[in-house]
Amino acid sequence: MLTEISKDNNLQIGSWSMKEIELVLFDLSHVNLALEQYESEQIHGIIGADILLATNAVIDYETQSMFLNFSNFKSVITKNF
């Protein structure tokens, strides 16, 4: 799977934002092609486990909601690829 690193991004989720961060980009065209065959919605991106763990994410499948707690969030440790 093709991946690239994008630098100096600004990310905003609700009222929380972070500037000048690096993101790993994945080509999801093959996934969206498969979803299209099943008339499902396309995927626009993936929130990584590093963000989910750092924000103590709670995913409520019944209401299709996700809750992220950014109150103690400072940064996510990135690894060299």
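Predicted model only: the values in this text are computed from it and were never measured. Here, residue 1 is the first one in the sequence, and each next residue gets the next number.
Counting heavy atoms from C-beta on, the side chains of Thr55 and Phe67 never come closer than 4.5 Å. Side-chain atoms of Leu25 and Leu2, non-hydrogen and from C-beta on, never get closer than 4.5 Å to each other.
No continuous path of hydrophobic side-chain contacts links Val58 to Ile13 [ILVMFWY only; heavy atoms under 4.5 Å]. Under the 4.5 Å side-chain heavy-atom criterion for Ile, Leu, Val, Met, Phe, Trp and Tyr, Ile47 and Tyr61 are members of the same hydrophobic cluster.
Atom CD of Gln12 has more than 12 heavy atoms from other residues, nucleotides or ligands within 6.0 Å.
Taking every heavy atom of both residues into account, Met66 and Ile59 meet most closely at CG-CG1, 4.1 Å.
The distance from the CD1 atom of Ile46 to the CG atom of Leu52 is 11.0 Å, given to the nearest 0.5 Å. Atom CD1 in Ile21 sits 8.0 Å away from atom CG in Asn10 (nearest 0.5 Å).
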Compile the donor-acceptor pairs under 3.5 Å between side chains in residues 26-37 and protein atoms, sequence neighbours left out, one pair per line.
| from | atom 1 | to | atom 2 | distance (Å) |
| --- | --- | --- | --- | --- |
| Asp27 | OD1 | Ser29 | N | 3.0 |
| Asp27 | OD1 | Ser29 | OG | 2.8 |
| Asp27 | OD2 | Ser29 | OG | 3.4 |
| His30 | ND1 | Asp27 | O | 3.4 |
| Asn32 | OD1 | Ile43 | N | 2.6 |
| Asn32 | ND2 | Ile43 | O | 3.1 |

